[in-house]
Structure formats: C-alpha cells, structure tokens
Amino acid sequence: MMALYDGHWILTALVLLPLVGGAACLVVPEARAKTVALATTLVLFALSLPLFWTFDTAEPGFQNLVSIPWIEAWGISYAVGLDGISILMILLTTFTMPLAVAGSFSYIRRRERAFYAMLLFLTTGMIGVFVALDLFLFYVFWEIMLIPMYFLIGVWGGERRIYSAVKFFLYTAVGSLLMLVAIVTLAWIFQDGSGAWSFAYEDLVSLELARRAQLWLFAGFALAFAIKVPLFPFHTWLPDAHVEAPTAGSVILAGVLLKMGVYGFLRFGLPFFPAAATDPVVVNAMLVLGLIGILYAAWVAAVQPDAKKLIAYTSVAHLGFVVLGVFGLTTQGIEGGILQMVNHGISTGALFLLIGMLYERRHSREIADFGGIAKVMPVFAFALVVVALSSVGLPGTNGFVGEFLILVGTFRTHPWIAAIATTGVIFAACYMLPMVQRVLFNRLDREENRALTDVNRRERLILAPLLALILLIGVWPGPFLNRTRASVQALIEHVETRSANVPAAEPLSVEPVPVEAASAGAASVEAGGGE
Amino acid sequence: MSHWVAFLPEVVLSLAAMFILMRDAFVRPDGGGAAGGAGAGGDHRRMSVDCLVTLYSIAGALIASLWLMDASAPTDAMIALDGFRVAADVILLGGALLVVSLSRDYLDREGLRSPEFHALILLALVGMMVLVAARDLILLFVGLELMSISVYVLTGFVRKNPRSSEASLKYFIVGAFASAFVVYGIALLYGATGTTRLATAAEVIAAGPAGGDLLLVAGIGLLLIGFAFKIAAVPFHMWAPDAYDGAPTPVTSFMATGVKAAAFIALLRVLTVDLGGAAEVWKGAVWWLAILTMIVPNLVALSQQDVKRMLAYSSVAHAGYLLVGVVAASELGRSASLFYLAAYTVVTAGSFAIVFHVAGRGDRNQRVRDYRGLGWRRPVLGVALLVFLLSLAGFPPTAGFVGKLYLLRAAVDAGEIALAVTLVLTSLVAYYYYLRVVWKMYFEAAPEDAHTPPSPRPGFNLVIGTCVALILLGGLFPGRIIDRARDALADTPAPGMVVQAEDPPSP
C-alpha cells in the first residue's frame, strides 16, 4: 500500500476521478445520481486519506511530483505535486465533498443528475487548483471552478439566486483576468532571460525580479486572491453567494473555495514576489485590511436576522485572521493560518449543514422564528453548541489552536495589530453565542417549532466526523501542524533571503532590462504613468 | 505545369458556382416540365443538390489548397503560394463548410430555395480567397469587390422582408464607400512607391519612400480606413449591427466568419508584412482602432435584448481583440491572430446556427427571453450553446481561451501591456452578456406557452457536435494547431527576400 503511494498516479487520479464520476451522474437514472455521487466522493476520500501518512514531513519541497509536457511550444506542462501547504487543503476538500453530497440528499429535489454532476466537476477544479504546479494549468482549474459554482447557485439557489450567481462570477473573474495578464508577463520575463517560454512553477519561482516589477505583478495576483479570500473591501459577493447557494454550495464555498485565496498567496504571491510581499506598505495594508475584516464582519454579523447570513459574515472574520497569520510572516503565523483554514472549513461547513437541516424542516432561517428548540431537537442542539464554540475559538476545540498560533505569530512582528485582533475573538462570542441562545434556548413559544423532528441517522452520520475532528484537532493538533512545518519554514526562508537580495533603496531601479518595459507599461495603464 | 495551378482552389469554386447557375437555367425543377409540378418538393430537391454541390466543391477546394501547401511562388508573383495562404484558405473554407452545412434547414424553413444563394456563397468565397492570396493591390481590389458584391446581394436575399432589404442597402452604400477608400489608397500607394506589387512596394518602402512621405501616409491611411469599414472596426462599424441583424441568419453567420476573416487576414498581411517597414505610420492608428473596437461594442452589447443583435455586437468586439495581434506586428501576433480567427470562426458558425434553429419560422424567437429554460428542454442545443458562449467569452478549457492567451502573449511580447489589460477588462464586460444567455437558458423557467424548438435533424446535431469537439480539442490540446499556425508564417518571405521560382508538384 505504501509503495503504491510513492507512485505518481495518485494526484492525477484525484483530479480525474470526480470528472468521471460527474459524467456518470449525467447518464444514470435520476434517482441513482446521488448514490453515484456519494460513492465517487467516498472513494475519492479513501484514495486521498493515505496521503496523510505517506507524506514525508521532513521534506520541504514537492512530493508525488508529475510533469508531462502539454503544449510544448509555450512551455506548458501538466505538472502536479504536493507539499506541506497543499496537503491539508486537498484532504479538506476530499473530506468535505462526501458530507456536502450527503447533506444534499433531501435538500435537492429537482434536476438531481445535473446537481451532483456539477458538485463533482467542481471537485475536479478544486483539487486541481491545489495540486497544479504549472501556472497555465493552475489558471485553467481556477477558472473552470467558476462554472459549476455559477450553476449551483443559479439553478438550485434561493430567491435572489441569479443576482448572486452573476455577482459571484463577475467579482471572481475581475481578479482572475488581471492575474492572467500577470501570469503571461511572468512567462514572458522568463522567456526574455532564458529564450524559451515557460509557465512551470519551478522556473518562474526562480526568477529574480526587480522590486518595481514585483510590486506590479504582485498586485495582479493579489487582487485575484483578495477577492477570493475575501478580504475587506472585496467581500461583498460573499454574503449574497452564501445565502442564496444551496447547502452543499455554501459548505463548499466556505469549506474549500475561500481557502484558495490564501493558498494563492502562500503558493504564488509570497514566493514569486518576496520583495513585494515583505514591503512594509503592502504588509501593513494586508494586515489592516485583515483586521478590518475581523472587526467589521463581527459587528455586521451580530445584527443579522438571518442565521445563514450571520455565518457568511463569520467567514469574512475568520479569513481575516488567516490573512493576519500569513502576512505576519512568521512560521507560527503561517502554520496557524493553514490550520485555521482547515478549522474554518470544518466548523463553518458544519454550521451551514446544521442551518440547512433546520431550513429543510422549517423553511426559515430567521433567527427570530426559532427559540427553545433544544427541547425538541436535543442532538441537533448538542452539535450546534459544539460547532459554535469551535467557531468562537474555545480552548479544547480546533478553533482555539489556530487563532492562538496566528495571534502569537503576528504578535512577534506586529504586536499592536495582534492586540487589536484579539478583541475579534471576543466579538465572535458576541455574535455567535446570542444566535445559539435565541435558536436553541429561550422559550419554546411557537407552535410550528414543537413539531420539529431531531436529526435522523443520515444527518448524524454527517455530523459525527465533523464533531470528532473539531475535538481531535483541538486537543491534538500536532500531526496536522507537522505536515505543514517543513514547507512553511522553507517558504519563510525563501522569502527572507530573496527579499534581502533585491535592491530596496531606489524604487525606480530595475535590474533586468526587459522588466522596465513591462512595469512602465503597466504603470501607464493602471496609474496613468504615475511614478 | 504553369503557375495557373496556383488558382486551382478558386477555379474549383467558380466552376461549381457556374454549374449551379446553369443547372437552374436548363433543368426544370420538377424534372418533367409538367405545369404546377414545380412545387415545394421540386424546389426542395433542387436545393438539396445545390447544397451538396456546394459542399463538395468547398471540400474539393480545401483539398486543392492543402495540395498547394508545398508549392512556392516567386515573391513578385501576383498571387501568394505559401503557408499563410493555405492557413487562410483552411479558415475560410472550413468556416464556409460549417455555415453551408448548417444553413440547409433554415433555407428550407424560410423558403429560400433559389440556386443563387449557393452560387453567391461560392463566388463570395472565391473573392475572399483571392483577397487573402493577392500579392498585388489590383488583384486585392478585385477579390475585395467580388466578395463584397456577392455578400450585398446575399444580405438582401429575403426580398419580401423590408429589414433584409434595408440591411442590404445600408451595407451596399457603406461598403461601396469603403471600396472607394481602398481604391483611392491603392492609387496613392502606387504614387508613393511606383508599383502595385506588394513585395516590390515593401522593398521601396524599406529603401526609403520614393514619392515623399505624404503620399505614403495618405495611401496607407485611406487603405486602413477602407479595411476598417470592412472588418467593422470602431468608429467605422455603424453599419455592422444593422446589416448583421437584417440579413438572413446564415448570411449573418457567413459575414461574421468569412467576410470578416478574409478582410482581416488581408489587412494583417498587407500591414504587418508588406507595409511593416512603414509601421510608424499605421501603428498608432491601429492601436486606437483596437482600443475603441474592444470597448465600445462590448458596452453596447450589454443592453441588447435580441440574441442575434448581441452576437453581432460581440462579433464587432472580436475584431478589436484581433487587432491586438496586428498592433503586435510580429510573427507571434500573426500566428495568434490566425489561431484566434480559426477558433472564432468555428464558434460563430455554431452559435448563429443555434440562434436560427431556436428562432423558428420567420425568426420569431430570437430575443434573450425566448431562451428561458432552453437548456433543460433541449439539452444538446443548450450544452452546445454553453460551450460556444464560453469560448466567445474566452473561458478555459475552450479554444477561445487559448486564442485569447495567444493574443495576450503577443501583446505582452510587443510591450503593449495597455492593450493586454484592455483586452482582459473588456472580456470581463463581455462575460456579463454571454452569461445572461446562460442564465436564461438554465436558471429561469420557461413560461407555460413557451415555444420549444423542434429537435434538430441528426445532420445538424452532427455538425454542431463537430464544432463543440473542435472547440474543446483546441482548448485542451492546442499544441498541434499552434505549431501549424506558427509554421504557416515561418515561410512568409520577409520583405525584400527573393525566392527561387519553383513549379508546384504535378498532379
């Protein structure tokens, strides 16, 4: 078994399997689609799980590497690999998918074949984004994901689904298109130095760019990632998309899609443009935006009457923490950030699933419509309390470990920011706990709520692994942090040595000649040549 | 063997056109000559034969053109015989093949069964091929006129429909105007360089303009304006939406693919290869044309409620993207433009075909709202249109995305970051109106009394399926096509270079 996993086929299998499963969903009878989808995602999870143990924790570079020439004339190859930054993200994806599928069994009642096919196509895109080591390939996966998500929100969403789907699509596309220009420019700079075009990660990461070029290109990438995170003020697509999406869509959005922004910063933004990513102005801007996200989202969440919208805003706050951890540029901060992404995927995914279960029974998500339902739904109440506490970051749950590491890491380099961010933990309690109280406790004064049935066996099976992971990571985070450590340390080292080597004094000095043309051109477009 | 072989593809098409016209004159449609027998059945049969003759002759011309691939002509010949011409022929003939094979149902449905339709398509094709192959300005003008006049007639082919007649008249007046610009530009270029042969003119320009800068600048300027009309570049695009909208949809499809491609390829070659020595004269102007043509139609298309008109504006916008390849004025730019054109041709032919199929008799249902729920009622049409729209929008994994990336590379390589950024931002605007059709098709339910288009014939599905396969293949495995596009240009002789005359291989 172990020997098999040294092979190269595993990542490709993870990418292709959902594609095949999705196609199968389209051709089987309507009633069978859900079974096919569940089977596919379970096999996918079973396939990916051994990676956790076969992963070499001492190796900072890429493992299970495959590189096959694809479009040779342009230096594009099918290149995939795994390292400490992506492994947890891949496992999070394969872990989330069976839950998202199973959570849709009773929620989705029409056009089931297309629904499950879209979920599976989306999975291909998500795994592809996390394993791709060629920028062309990465971009293809990054963009392809939009289409199934657009359909998931638009076809199976709520009242304002079309508005939300289009908003989601266009917001994400703005960033990606500028990123495409930046990618092409990078490949061109490589070509100018070496004579051949290349989109390969290893080639482009070795480029030594001048400071100015780094700043422009970083901006191109950062916008795409900031929208995806979503970083304040680019977050406005998120509440709409989350609220209108069907449960599975929200779970995947929160669980996986939002992670791609931060993943992009860690995989591309920091290592490609170390001078830009360590530039004090950039770092401070990112930290402050993250901080605003934490506080602002917490306050907005506190006044939401709609439980789903409230949870949507908590995503903005949680991802704000992750951004703090990343741009604090310390090992603890980044490790905590990665772990916190996993935590957020688990706890917010669970919250969306729970709200979905409530909605299926009561057809309402208004907090005011509930009250005292702990009496009629005790198991549900137990799950909601545990998940809410994890989301708030109570010690003993996974949320605490992540936030603590982030705050410690950020405190080492930016004590004030970390200090203010700490209040975010308190605000989190201020919006989450009253919501739990108003839904579960208080008086059971509505007649409709007395008839609610507790979670059934299928729903318990969905919730059990989530609750188990919440507690497991809470008390024993070591194995998870181990997986990321070597790569994160290598990343920090890379960023520090490379940013030290770039001439920092003169902002206009340009090292390689060609970069001048690129950056000057970019300047004239985006800032009217303001130098 | 003489150099006449160089005209073989054109000769095949011309003969087929003559055959179709003659057959009409001599063979009675009902076969027996009985009065009253010339009903729809006879018409129908005759049209089927016309259609087949047309398809076979186009295929024949395609084979002839590919057979000429290895031949070469002296640089000062009147007609080119090189990879560039073959690549252009493949795009034009391939596009025509798709358009003709898809439009049979439409012609039958709308009762447009007269043989002139196919004859004119073939003659227009001859004009296009002469236009892209011409190495002499006079021949270039002949090709341009042959193409244009045939298409004016095709635009007004539905005589009883006032919109069709209006479109034809508009197109004719503006087109004649544009031709006048071209011919005046040719005259001034002749004045500046003393020759109508493009290769010779290139040498003269490279050696320093003989007739003074002013003549050259004026000549290039007028030529450029004429071609800008033909490819409908902003601000010379006003006629295009009306003409596209009024023409019978297969003709619109033919105009948006063939006519535009031919004029564009000719412009690409004349400007970037032959007049490349005078790049400083035209580069600024084309830069602005590209910027405007990317921005304006994309914004106007946002508010269109009619899918055909929306596609018309989108087609104008694509001319803007293509102009980016002209501004790059490099081998990369030329091969990028050719690749983009090929992808665009397939997608445009396919999407217009779906539009006229959905529209139903008399083109009643071609508003965006008529597409509500279409994706679920006619899954094949829905998925095909989805793929075409994604390709037009430049979304992976379609050929449209690879084409856009190709153009971006050319722009970045030429240092034109501003064009690259405009290209992607205007694509973003385009996302909205392409997505709108998608959301009507899939997100909105069809009203009770909605018209459901009939299931298309297997033949129609086959051709549409081929288009979809081509688009996805071009998006996932574009390697071979890219190599071809690059090779097509590798043997374009640089200006001033003399190549030994060589006979083409004997048949």
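Protein chains get the first letters and strands the later ones, always in sequence-line order, with residue 1 at the start of each.
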inquiry  = Taking side chain as everything from C-beta outward and backbone as N, CA, C, O, which of these in B/Leu332 sits under 4.5 Å from a heavy atom of chain A? Side chain, backbone, both or neither.
reply    = side chain

key: Side-chain touch B/Lys404/A/Leu180, heavy atoms, less than 4.5 angstrom   = no

note = Bottom line for B/Leu423: the part with an atom under 4.5 Å from chain A's heavy atoms is neither

inquiry  = Do B/Val402 and A/Trp74 have side chains that approach each other closer than 4.5 Å (heavy atoms only, starting at C-beta)?
reply    = yes

query = Given a strict heavy-atom distance threshold of 4.5 Å, which part of A/Val166 is in contact with chain B: side chain, backbone, both, or neither?
reply = side chain

task = Please report the shortest heavy-atom distance between A/Ile144 and B/Pro396, naming the atom on each side.
result = CG1-O, 3.7 Å

request  = Flag yes if more than 12 heavy atoms outside B/Glu280 fall under 6.0 Å of its CD atom; otherwise flag no.
outcome  = yes

Residue part contacting chain B, namely of A/Phe151, when any heavy atom lies under 4.5 Å = both

task = Would you give the length of the straight line joining atom NZ of B/Lys440 to atom CD1 of A/Ile162, rounded to the nearest 0.5 angstrom?
result = 7.0 Å

inquiry  = With a 4.5 angstrom heavy-atom cut-off, is it the side chain or the backbone of A/Phe169 that approaches chain B, or both, or neither?
reply    = side chain

ask   = Looking only at heavy atoms, which two atoms of A/Ala173 and B/Leu428 are closest? And how far apart?
value = CB-CD1, 3.6 Å

Within-4.5 Å side-chain heavy-atom neighbours: B/Phe401 and A/Tyr139 = yes

request  = State, to 0.1 Å, how close A/Leu177 and B/Val424 come at their nearest heavy-atom pair, and which atoms those are.
outcome  = CD1-O, 3.3 Å

message = I'd like to check B/Trp376 versus A/Val155 (side-chain heavy atoms, cut-off strictly below 4.5 Å). Are they in contact?
response = yes

query = Non-hydrogen atoms of chain B under 4.5 Å away: do they reach the side chain of A/Glu72, the backbone, both or neither?
reply = neither

ask   = Do other residues, nucleotides or ligands put more than 12 heavy atoms under 6.0 Å from B/Arg377 CZ?
value = yes

remark   = With chain A, the option among B/Asp483, B/Leu405, B/Val438 that has the most non-hydrogen atom pairs under 4.5 Å is B/Leu405

ask   = With only heavy atoms counted, which part of B/Tyr442 is less than 4.5 Å from chain A, the side chain, the backbone, both or neither?
value = both

query = With respect to chain A, which residue among B/Leu476, B/Leu435, B/Ile482 yields the maximal number of heavy-atom pairs within a distance under 4.5 Å?
reply = B/Leu435

ask   = How many angstroms lie between CZ in B/Phe443 and OH in A/Tyr163, if you round to the nearest 0.5 Å?
value = 15.5 Å

Chain B contact via A/Leu146 - side chain, backbone, both or neither, heavy atoms under 4.5 Å = side chain

key: Pairs of heavy atoms under 4.5 Å with chain B: top-ranked of A/Glu143, A/Arg111, A/Gln191, A/Arg161   = A/Arg111

query = Hey, which of B/Gly475, B/Gly479, B/Pro397 has the most heavy atom pairs under 4.5 Å with chain A?
reply = B/Pro397

request  = Answer with side chain, backbone, both or neither: which region of A/Ala187 has an atom nearer than 4.5 Å to a non-hydrogen atom of chain B?
outcome  = neither

Nearest-0.5 Å distance that lies between atom CG in B/Leu408 and atom CH2 in A/Trp188 = 14.0 Å

inquiry  = Report which part of A/Trp197 has an atom under 4.5 Å of a heavy atom belonging to chain B: side chain, backbone, both, or neither.
reply    = side chain

